[in-house]
Amino acid sequence: MRPYIKQNKILFALTLFTSVIASLGYVFMAVLLQQLLDIAVERDIRQFLQIVVFSIAFFALLGMFLYLQSLLSKKVVCRIIYQIRSDMFRGTMARNMEDFYRKNTADYISVMTNDVKMLEENFLLPLFEVVQYTVIFISSFVLMICFDLIVTIFVTMAIAVMFLVPGLLGRSLEIRQNSFSSKLAAFTVSLKDILSGFEVIKSYSMKEYAAQRFDRENKETARSKYSVDRLLALNEGVSAFLSLMVQIVVLFLSAYFIITGRITVGTLLGMVQVSSNLANPLVMIFTNIPKMKSMQPIIEKLKETANFPAALSRKGVPASCQNCICANELSFSYDGQKEVLSGVNCTIERGKKYVLVGKSGCGKSTLIKLLSGCYSTYRGEILYDNTELHRTDPDTVAQLSSTIHQNIYMFDESIYDNICLHEDYPGEMIKKATDESGLTEFLSGLPEGLQYQVGENGSNLSGGQKQRIAVARALIRSKPILILDEGTSAIDRQTAYDIENRLLKLQDLTLITVTHHLDEDLLKKYDKILYMENGCIKEEGAFESLISVPSRFAAYFQLKK
């Protein structure tokens with residue numbers, strides 16, 4: 001937390017200053033009470049009027065500082081929370097796809113919402129309370145010595161016992177807070193999974209199962225929360241009991257000293273007030289310190305997310321594809337055990353057109369992801385103009401290709417925003433992209449045109465309309481490599497044929513298509529067909545050379561026909 005405190009050091013210092021002044025003013029009330037009661041006992045009207053005037057001015061000033069302390073503490077907490085969330089989001093966005101998908105997306109949501117909320121409630125707010133009550137305690141202790149040393153000694157002995165409480169409970173509370181954070185993350189993951197599958201749940205009458213699953217996760221989360229609260233209740237209860245004992249010690253000793261003539265009645269009232277300023281702050285301090293200590297695993301989790309760029313991001317030489325992309329003896333496994341690709345060799349030359357075909361699950365999409373830099377844990381080589389992919393800058397690799405997937409994600413914005421992705425493009429480029437993607441006819445039937453709102457993940461669009469937008473999104477960027485990973489599968493065959501045919505005519509475009517639809521007219525226009533089986537490229541060549549002889553591809557082609 002130190003970096004965030006340093007970023008806001010002026011605001012933080014002002015908050016501490018107003019907190020100290022307000023706390024000292026709060027303690028000074030004990031002196032006012034002592035003076036007021038002694039004056040009342042002596043029946044001195046002149047001093048009474050003086051202390052009334054002084055008290056009015058004092059309480060007005062104290063009220064102002066209490067307001068400033070509350071306002072500034074809230075402001076600095078809001079600013080720190082904003083900065084933490086911002087750093088965590090940037091850290092998440094700095095991950096490549098391989099690193100990002102090691103966690104469920106709901107885990108990121110949980111960290112940025114649940115864990116940050118826990119940090120605010122169990123660290124930042126208690127931090128200011130600890131500072132405030134520490135000042136009240138120290139100043140009250142000094143004032144107690146001024147009132148009577150013997151009473152102070154007895155109070156000190158009672159307070160010493162209170163110091164044992166945080167040490168006894170702190171470690172257990174830390175373990176339970178960390179467990180609660182994990183349960184919250186699991187609950188968020190489960191809830192996201194259920195809501196994402198809403199259509200399946202309704203279609204297959206799974207409402208009862210979904211309710212039971214939600215209730216189970218909800219109950220486990222509540223049980224974990226109660227486990228934390230139970231320990232906090234023990235901490236608060238023991239601290240409150242010991243603080244009450246402090247006040248009883250002060251009350252009985254002070255009463256005895258009044259009887260023996262050692263102190264005045266006003267001093268008794270002042271000491272009782274001061275004792276509450278000793279006991280209550282200690283309750284708050286010993287309640288908050290275990291909370292703050294328990295947040296250390298959460299802070300480490302937030303730090304790991306926020307500091308990802310400095311720790312794990314890869315920087316290298318700029319990637320280029322002036323000549324070709326080569327894969328040499330390329331092998332890959334998602335789980336480290338079963339290989340999805342094995343010993344793949346291929347060359348993708350600049351400006352040529354390639355199509356990957358084969359049965360589902362043979363590794364076509366995985367090969368595409370590896371060639372475009374999505375994963376780094378492969379064996380073998382991937383060369384961009386003779387530079388190994390591991391030595392390149394991932395950001396520059398991403399600038400070389402656009403990918404159109406079968407499952408298209410749409411932001412809950414306009415068609416225009418989903419095509420341009422908040423970049424500026426001339427009107428003629430937008431029109432060209434919409435024409436080439438087959439989107440123009442659909443747009444002409446919309447009163448809002450490009451400003452039509454697509455809804456959550458394109459809920460206001462059909463599958464074909466979403467993929468037309470995705471094609472326009474890719475074409476407008478004019479990157480040298482375009483990957484169609486079943487990118488036209490949801491479009492009617494005529495439109496799909498037209499789009500693919502236009503792309504095949506673009507001379508400077510390197511096109512890599514993954515498809516199950518084998519149209520002979522289109523296949524003849526590709527420079528090379530790569531036929532895959534079981535994670536290997538079994539055959540490659542032009543359509544005529546592969547179809548004219550007995551081959552695996554020829555058999556597959558005839559079967560598809």
Side-chain angles (χ1 to χ4, degrees), residues 325 327 330 340-372 401-408 436-439 462-468 470-472 474-475 481-507 509-561:
I325 302 172
L330 184 62
V340 181
L341 296 180
S342 178
V344 172
N345 294 283
C346 66
T347 299
I348 307 297
E349 297 183 45
R350 174 75 181 257
K352 291 192 175 182
K353 311 297 186 286
Y354 299 83
V355 59
L356 274 68
V357 299
K359 296 178 181 179
S360 295
C362 67
K364 302 185 297 295
S365 294
T366 301
L367 176 58
I368 290 300
K369 289 176 181 177
L370 285 168
L371 293 179
S372 57
S401 64
S402 294
T403 302
I404 303 172
H405 300 283
Q406 182 177 5
N407 297 317
I408 305 299
E436 291 179 343
S437 63
L439 192 61
S462 68
Q465 291 161 354
K466 287 170 65 174
Q467 289 197 294
R468 289 186 182 94
V471 172
L475 291 176
I481 303 169
L482 179 62
I483 299 168
L484 281 176
D485 189 358
E486 298 288 349
T488 58
S489 61
I491 304 174
D492 64 89
R493 294 308 303 149
Q494 182 60 52
T495 303
Y497 179 93
D498 292 340
I499 292 173
E500 200 169 335
N501 193 42
R502 289 193 191 99
L503 296 176
L504 286 165
K505 292 178 179 178
L506 298 177
Q507 295 298 319
L509 179 69
T510 304
L511 179 65
I512 307 173
T513 301
V514 175
T515 185
H516 286 98
H517 299 300
L518 303 185
D519 189 298
E520 184 173 344
D521 290 340
L522 290 174
L523 290 175
K524 290 178 179 178
K525 297 181 180 181
Y526 281 94
D527 295 293
K528 187 174 287 188
I529 296 170
L530 306 176
Y531 176 73
M532 295 189 67
E533 280 185 7
N534 301 321
C536 302
I537 296 178
K538 296 295 186 180
E539 295 172 346
E540 58 180 287
F543 177 79
E544 295 295 349
S545 64
L546 290 175
I547 204 69
S548 60
V549 296
S551 66
R552 295 172 184 263
F553 169 75
Y556 178 70
F557 179 74
Q558 292 300 324
L559 181 65
K560 293 293 286 184
K561 285 184 67 176

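This chain uses plain numbering: 1 for the first residue, then up along the sequence.
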(message) As an exercise, state the distance from CG of Leu484 to CD of Gln467, rounded to the nearest 0.5 Å.
(response) 9.5 Å

(message) Quick one: does any side-chain atom of Tyr526 pair with a main-chain N or O of Phe543 as donor and acceptor, under 3.5 Å?
(response) no

(request) From the options Thr366, Leu367, Leu530, select the one residue that forms a side-chain contact (heavy atoms from CB on, under 4.5 Å) with Val344. (result) Leu367

(message) Give me the atom names and distance for the closest heavy-atom approach of Leu504 to Lys525.
(response) CD1-CB, 3.9 Å

(message) Return the CD1 to CG distance between Ile404 and Leu475, rounded to the nearest 0.5 Å.
(response) 6.0 Å

(message) With rounding to the nearest 0.5 angstrom, report the CD to NZ distance, Glu540 to Lys528.
(response) 4.5 Å

(message) Let me confirm one number: the CG-CZ distance from Leu509 to Arg350, rounded to the nearest 0.5 Å.
(response) 9.0 Å

(request) Could you tell me which non-hydrogen atom of Leu482 sits nearest to which non-hydrogen atom of Ala474, and how far apart they are? (result) CD1-CB, 3.6 Å

(message) Can you give me the closest heavy-atom contact between Leu341 and Gly363, atom names plus distance?
(response) CD2-O, 3.6 Å

(request) Kindly give the heavy-atom pair with the smallest separation between Gly541 and Leu546, and that separation in Å. (result) O-CD1, 3.5 Å

(message) Keeping Lys353 on the side-chain end and Gly351 on the backbone end, is there a donor-acceptor pair under 3.5 Å?
(response) yes

(message) How long is the straight-line distance from OG1 of Thr510 back to CD1 of Ile325, given to the nearest 0.5 Å?
(response) 7.5 Å

(message) If I compare all heavy atoms of Met532 with all of Gly535, which pair ends up nearest, and what's the gap?
(response) CE-C, 4.2 Å

(message) Side chains of Asp485 and Ser365 only: does a donor on one sit below 3.5 Å from an acceptor on the other?
(response) yes

(request) Evaluate the ring planes of Tyr531 and Phe553, with Trp represented by its six-membered ring, and classify them as parallel (under 30°), tilted (30 to 60°) or perpendicular (over 60°). (result) perpendicular

(request) Check whether any side-chain heavy atom of Glu544 sits under 4.5 Å from a side-chain heavy atom of Lys524, and report yes or no. (result) yes

(message) Which heavy atom of His516 sits nearest to which heavy atom of Lys364, and what is that distance?
(response) NE2-NZ, 3.8 Å

(request) Output the distance between atom CG (Leu518) and atom CG (Leu523), rounded to the nearest 0.5 Å. (result) 5.5 Å

(message) Using side-chain heavy atoms (C-beta onward) and a distance below 4.5 Å, is Tyr354 in contact with Glu349?
(response) yes

